Amino acid sequence: MIAPIVRTLGELRARTGVWRKAGETVGVVPTMGALHQGHLSLARAARARCDRVIVTIFVNPKQFNDPKDLENYPRTEEDDARKLESIGVDLIYVPGPDQIYPYGFATTVSVSGLTDMLCGESRPGHFDGVATVVAKLFTQTAADFAFFGEKDFQQLQVVRRMAVDLDIPIEVIGCPTIREEDGLAMSSRNLLLSDRSRVKAPVLAEVMEDVRAALRAGGRMSELGPDAEARILAAGFNKVDYLELRDGRDLGLLDEAGEDARLFAAAWLAGVRLIDNIGV
């Protein structure tokens, strides 16, 4: 059975209020739609942990730097609802922009420190948009648990920091990255890749795996990075935004592998920006 879709905050609170009175726990999976197995794994994790599960679908205009990127972002609501059917999601929240940013909306949630590097450096304002919309979704759903994929690891850390700093009573749970058989990290943006580009895309993960092996063997990122970036470009990528080793706790820059070290990458392929990260 396809979960009911609600589009207004009033409808959402009417339903969650009943769950609250019954003492049921609520999990939320915030998404921008175009669901793939990575998203579905989050919904399954929520289903296993919580009495009730809400999946939100909202293409958030505040986290897009390029209007064309916003316009081209896949929107597949009916297909998304069918994909969630087998998981037993209780509710799909698809708010209109007026439900998230009503007339006169003038507040921005900004997390400093964690947003000054990686995707934050090349996409100014992006994480302000993420933190703002997620804060809204957390308070609107009043969920006990929220589920995010580690594929967007910087986003995960930003959301965790925001929830703690604002005393939002929710536990943010990170779930493992889900990959295609050829190693490409699943992403809604993969739908934008042409067949030719899709064949090249797994090279990003392949190079990262090789760098990880070299780091574990005692290599330094300052020595490994230039050759790794050259390999990515030689495979057909147009630009490497970053390929960096950082501390998974505070995203501080590292040169050698250590506890909680993670390798982060972002690169452009035929107009599509792909990101990935792996623990080292």
Side-chain angles (χ1 to χ4, degrees), residues 36-39 41-42 69 114-123 126-127 130 148-160 174-280:
H36 51 68
Q37 287 300 320
H39 295 115
S41 73
L42 302 180
D69 195 17
L114 292 172
T115 60
D116 300 334
M117 74 293 284
L118 300 174
C119 285
E121 183 175 0
S122 58
R123 302 180 70 187
H126 168 73
F127 285 113
V130 170
F148 288 82
E150 290 184 347
K151 200 272 283 186
D152 297 293
F153 195 87
Q154 185 177 15
Q155 172 180 273
L156 171 62
Q157 297 302 77
V158 168
V159 168
R160 282 174 167 160
C175 300
T177 301
I178 305 300
R179 298 183 179 274
E180 304 285 358
E181 291 185 4
D182 57 12
L184 178 65
M186 289 189 178
S187 170
S188 300
R189 294 180 186 275
N190 294 351
L191 295 174
L192 302 176
L193 293 170
S194 67
D195 291 343
R196 184 177 180 182
S197 296
R198 178 62 186 81
V199 173
K200 300 174 182 178
V203 171
L204 182 63
E206 292 172 12
V207 171
M208 293 177 71
E209 288 288 350
D210 290 343
V211 172
R212 170 162 65 178
L215 288 167
R216 287 177 171 175
R220 292 178 176 273
M221 196 62 205
S222 55
E223 300 169 350
L224 298 168
D227 287 343
E229 290 191 21
R231 280 183 60 193
I232 294 169
L233 294 173
F237 282 75
N238 309 106
K239 178 185 176 184
V240 177
D241 274 353
Y242 58 77
L243 179 64
E244 297 177 352
L245 184 68
R246 291 188 174 267
D247 190 312
R249 296 164 295 188
D250 61 9
L251 302 184
L253 193 63
L254 301 173
D255 193 38
E256 297 179 82
E259 186 178 359
D260 292 317
R262 297 189 77 88
L263 184 64
F264 293 83
W268 289 87
L269 178 60
V272 180
R273 188 174 186 271
L274 302 179
I275 67 171
D276 202 346
N277 74 90
I278 53 176
V280 176

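Position 1 is the first residue of the sequence; numbering continues from there. Keep in mind that what you see is a predicted model, and the values were worked out from it rather than measured.
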**Student:** Indicate the atoms forming the closest heavy-atom contact of Leu118 with Tyr242, along with that distance.
**Tutor:**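 Shortest heavy-atom separation between Leu118 and Tyr242 comes out as C-CE2, 3.3 Å.
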**Student:** Indicate yes or no: does Arg198 engage Asp182 in a salt bridge with an N to O separation below 4.0 Å.
**Tutor:**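 Between Asp182 and Arg198 there is a salt bridge, with a charged N closer than 4.0 Å to a carboxylate O.
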**Student:** CZ of Arg249: more than 12 outside heavy atoms within 6.0 angstrom?
**Tutor:**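 Yes.
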**Student:** Less than 4.5 Å apart, side chain to side chain, heavy atoms only: is that true for Glu121 and Asp116?
**Tutor:**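 Answer no - side chains too far apart.
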**Student:** Could you pull out the closest heavy-atom pair between Leu193 and Ala201, with the gap in Å?
**Tutor:**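 Of all heavy-atom pairs spanning Leu193 and Ala201, the closest is CD1-CB, 4.0 Å.
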**Student:** Could you check whether any side-chain heavy atom of Leu184 comes within less than 4.5 Å of a side-chain heavy atom of Arg179, counting everything from C-beta outward?
**Tutor:**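 Result no, sub-4.5 Å side-chain heavy-atom pair not found.
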**Student:** Can you see which heavy atom on Asp210 is nearest to which on Arg231, and at what distance?
**Tutor:**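 Where Asp210 meets Arg231 most closely, the heavy atoms are OD2-NH1, 2.9 Å.
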**Student:** Check Ser197 against Leu269 and note the closest heavy-atom contact, atom names and distance.
**Tutor:**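 So the two residues come closest at O-CD2, 3.2 Å.
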**Student:** For side-chain contact (heavy atoms from CB on, under 4.5 Å), just list the numbers for His36 and Leu191, CA-CA rounded to whole Å, side-chain angles, deciding distance to a tenth of an Å, and then say yes or no.
**Tutor:** CA-CA 10 Å; His36 51 68; Leu191 295 174; over 6 Å; no
**Student:** Given side chains that start at C-beta, do those of Phe148 and Leu42 come closer than 4.5 Å, heavy atoms only?
**Tutor:**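 In short, these two side chains do not touch, never coming nearer than 4.5 Å.
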**Student:** How close do Asp250 and Gly252 get, counting heavy atoms only, and between which atoms?
**Tutor:**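 Closest approach of Asp250 to Gly252, heavy atoms only: OD1-N, 2.9 Å.
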**Student:** Any side-chain heavy-atom pair from Cys119 and Gln155 closer than 4.5 angstrom?
**Tutor:**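 Sidechains of Gln155 and Cys119: no contact.
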**Student:** Begin with the C-alpha distance, continue with both residues' side-chain angles, and end with the deciding distance and a verdict on side-chain contact (heavy atoms from CB on, under 4.5 Å) for Glu256 and Leu215.
**Tutor:** CA-CA 7 Å; Glu256 297 179 82; Leu215 288 167; over 6 Å; no
**Student:** Evaluate the side-chain contact (heavy atoms from CB on, under 4.5 Å) criterion for residues Asp276 and Met208: first the C-alpha distance (whole Å), next the side-chain angles of each, then the deciding distance (0.1 Å), finally the verdict.
**Tutor:** CA-CA 9 Å; Asp276 202 346; Met208 293 177 71; 3.7 Å; yes
**Student:** Which distance, rounded to the nearest 0.5 Å, do you find between the CG of Leu274 and the CZ of Phe237?
**Tutor:**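 So the CG of Leu274 and the CZ of Phe237 are separated by 5.5 Å.
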**Student:** Distance check, rounded to the nearest 0.5 Å: Ile232 atom CD1 versus Glu206 atom CD?
**Tutor:**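 The CD atom of Glu206 is 10.5 Å from CD1 of Ile232, to the nearest 0.5 Å.
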**Student:** Taking the basic N atoms (NZ, or NE/NH1/NH2) and the acidic carboxylate oxygens, is any pair closer than 4.0 Å for Arg246 and Asp260?
**Tutor:**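 Not counted as a salt bridge, because no side-chain N and carboxylate O are separated by less than 4.0 Å.
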**Student:** Quick one: pull up CG in Leu245 and CG in Leu254 and give me the separation to the nearest 0.5 Å.
**Tutor:**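 Reported value, rounded in 0.5 Å steps: 5.0 Å.
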**Student:** If you look at every heavy atom in Gly236 and Lys200, which pair is closest and at what distance?
**Tutor:**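 That closest heavy-atom pairing would be CA-CD, 4.2 Å.
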**Student:** So Val240 and Leu233, side-chain contact (heavy atoms from CB on, under 4.5 Å) or not? Walk me through it.
**Tutor:** CA-CA 7 Å; Val240 177; Leu233 294 173; 4.1 Å; yes
**Student:** Do Arg262 and Asp247 have side chains that get closer than 4.5 Å, going by heavy atoms?
**Tutor:**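 No, side chains not in contact.
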**Student:** Do Pro176 and Lys151 make a side-chain contact, defined as non-hydrogen atoms from C-beta onward lying under 4.5 Å apart?
**Tutor:**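 No. Closest side-chain heavy atoms not under 4.5 Å.
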**Student:** Do the side chains of Leu243 and Phe264 get nearer than 4.5 Å, heavy atoms only?
**Tutor:**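 A side-chain contact is absent here, since even the closest heavy-atom pair is not under 4.5 Å.
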**Student:** Quick one: are Glu180 and Met186 in side-chain contact, heavy atoms under 4.5 Å?
**Tutor:**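 Contact flag for Glu180/Met186 side chains = yes.
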**Student:** Any carboxylate oxygen within less than 4.0 angstrom of a Lys/Arg side-chain nitrogen, looking at Arg123 and Asp241?
**Tutor:**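 No.
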**Student:** How far does CD of Gln154 sit from CE of Met117, to the nearest 0.5 angstrom?
**Tutor:**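 Gln154 atom CD to Met117 atom CE measures 6.5 Å (nearest 0.5 Å).
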